[in-house]
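Accompanying notes for the structure given below.
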Protein chains: 2
Amino acid sequence: MGRDKKFSTHDLWQATHELIVETGYQGFTMSLLAAKLHVSRAAIYKHYPNKEELLIDFMVEKMRYSVTLLSEIDFTQSFEHQLRDLLERMFQLKDLHQILGMASTIEDVSPVITEKKQVLSAMHHELYTPLNQLITKGKEQGFIDPARNNFLLLGFIFQTIDIPNHAGLPLDTFIAEIQALILHGISNK
Amino acid sequence: MGRDKKFSTHDLWQATHELIVETGYQGFTMSLLAAKLHVSRAAIYKHYPNKEELLIDFMVEKMRYSVTLLSEIDFTQSFEHQLRDLLERMFQLKDLHQILGMASTIEDVSPVITEKKQVLSAMHHELYTPLNQLITKGKEQGFIDPARNNFLLLGFIFQTIDIPNHAGLPLDTFIAEIQALILHGISNK
DNA sequence: TTTATTAGTTACACACGTGTTACTTTGGTG
DNA sequence: CACCAAAGTAACACGTGTGTAACTAATAAA
């Protein structure tokens, strides 16, 4: 019963994704989102009681996808192939990574939000485990000095993913270059 | 003549710096700034006609300092010492780096702003030159493969500076670790 | 001590963001 | 066809941010 919807849940997440990438968390407004969906602001409030709950649900959704994507890596591969596989997957998640970084800045306007922020934070750790496993493997197989701090290596890889492609290299060579930088730094081999 | 000022230009830049680090560009308001200076909002408008001009002047000021600091590097040092020197100086500029990244998001509310944004952008290139010189030196002295793209190496070094120190390492060892990562990546030597 | 000048404050008008309420539209069901 | 329920809209109250104008306070010079 009732009349037809003007936008689906999928439309909503799509528009939210675009808008948050375009304007950032602070610039994200319900008016802009409504405009993107060709709908009045109040229509969105029929589905979500406030902006914060909408955004946190969006992030949980994206996080779920990210965790799945990274956990699907084939661990039987060699260290180097596994690294390459991981990098390619992390590249797919590039803007998600920054979006998810905004999660902590969402205001705790209701207990529901506080709760879901903790869920997100837990999933964030889950996201790191495939990367951690890779580092462990690298240490075992002699690619990485076991004395090295895992947090540091993790941070290093995450930061390296975000290098801007100012040179305009094709994606394949760009990823290959980044892999080389991660493995051997700027030094001549 | 006239009465005593309640805040100096130095106070203003200090408060602006603190506030923009605390709240980010979007969260920066004249009310918060005024509160930090223990002054009414209107008092600041006696010095600056609007928020944008204040922020762009602040950034030009900071940029000038950054360019000077990086240009003071001793180029007679060895490649590795010069890199270390550079890294230490870039660490001093850590929050400045992110602040200056916000420059492009300042709205062009007046032609003065558009003009100063271009000045900032030009100084941004100046900031890169010491780094570029270092890379060139590294290529000449055989530390770096000359075929490698300078933009990529530059981006790599800039990103690496921003690795979060989650492990809580002391600054000295942290910088040393980062230098090692830049030079040789995660690989065992 | 009077006065000019500069610094600062209070109060206003305006714009825009949020969330709610009362109303309208639209489609299936008895 | 009547009417009910879901979906949507318009309009309101409220908060907060910006920039301005009229007023007040303090200090140095005449």
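Residue numbering restarts at 1 for every chain, and letters A, B, ... go by the order of the sequence lines.
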>> Pair A/T129, A/N132 - check side chain to side chain donor-acceptor pair (under 3.5 Å), show working.
In response: CA-CA 5 Å; A/T129 49; A/N132 243 319; over 6 Å; no
> Thinking salt bridges, do B/K139 and B/D145 make one under a 4.0 Å N-O criterion?
Replying inline: no
>> Ignoring hydrogens and geometry beyond distance, is a side-chain donor-acceptor pair present between B/S78 and B/H81 at under 3.5 Å?
In response: yes
> For B/H47 and C/dG8, is the shortest distance between a side-chain N/O and OP1 or OP2 below 4.0 Å?
Replying inline: yes
> Among residues 101-112 of chain B, which residues get a heavy atom nearer than 4.0 Å to DNA chain C?
Replying inline: none
>> So, using salt bridge (Lys or Arg N to Asp or Glu O under 4.0 Å) as the criterion, who are the partners of B/E126 when residues are at least two apart?
In response: none
> When the distance from CG of A/L55 to P of C/dG19 is rounded to whole Å, what number comes out?
Replying inline: 11 Å
Quick test: give all pairs of protein nitrogen or oxygen and nucleotides 21-26 of chain C nitrogen or oxygen below 3.5 Å, distance rounded to 0.1 Å.
residue: C/dT25; atom: O2; partner: A/R3; partner atom: NH1; Å: 2.9

>> Let me confirm one number: the CG-CD distance from B/L69 to B/E88, rounded to the nearest 0.5 Å.
In response: 11.0 Å
> Angle class for the B/F91/B/F174 ring planes (parallel below 30°, perpendicular above 60°, tilted otherwise)?
Replying inline: perpendicular
> Got a second to check how far A/L96's CG is from A/Q98's CD, nearest 0.5 Å?
Replying inline: 9.0 Å
> Given atom NZ of B/K5 and atom P of C/dT6, what is their separation to the nearest angstrom?
Replying inline: 11 Å
>> Any salt bridge linking A/K94 with A/D162? Criterion: basic side-chain nitrogen under 4.0 Å from a carboxylate oxygen.
In response: no
> What residues in residues 6-17 of chain B put a non-hydrogen atom under 4.0 Å from any atom of DNA chain D?
Replying inline: none
>> Are the side chains of B/I20 and B/M102 in contact, using a 4.5 Å heavy-atom criterion?
In response: yes
> Could you state the OH-C1' distance from B/Y48 to C/dA7, rounded to the nearest angstrom?
Replying inline: 17 Å
Where do N or O atoms of nucleotides 12-18 of chain C meet protein N or O atoms at under 3.5 Å, pair by pair?
residue: C/dT18; atom: OP1; partner: A/M30; partner atom: N; Å: 3.4
residue: C/dT18; atom: OP2; partner: A/M30; partner atom: N; Å: 3.2

>> Just to verify, what does B/D95 make a side chain to side chain donor-acceptor pair (under 3.5 Å) with, not counting sequence neighbours?
In response: B/H17
> Between B/K36 and B/E22, is the closest basic N to carboxylate O distance under 4.0 Å?
Replying inline: yes
>> With rounding to the nearest 0.5 angstrom, report the CZ to CD1 distance, B/F156 to B/I135.
In response: 10.5 Å
>> Rounded to the nearest 0.5 Å, what separates atom CD1 in A/I182 from atom CD in A/E177?
In response: 12.0 Å
> Could you give the CG-to-C1' distance, from A/L37 to D/dG8, as a whole number of Å?
Replying inline: 13 Å
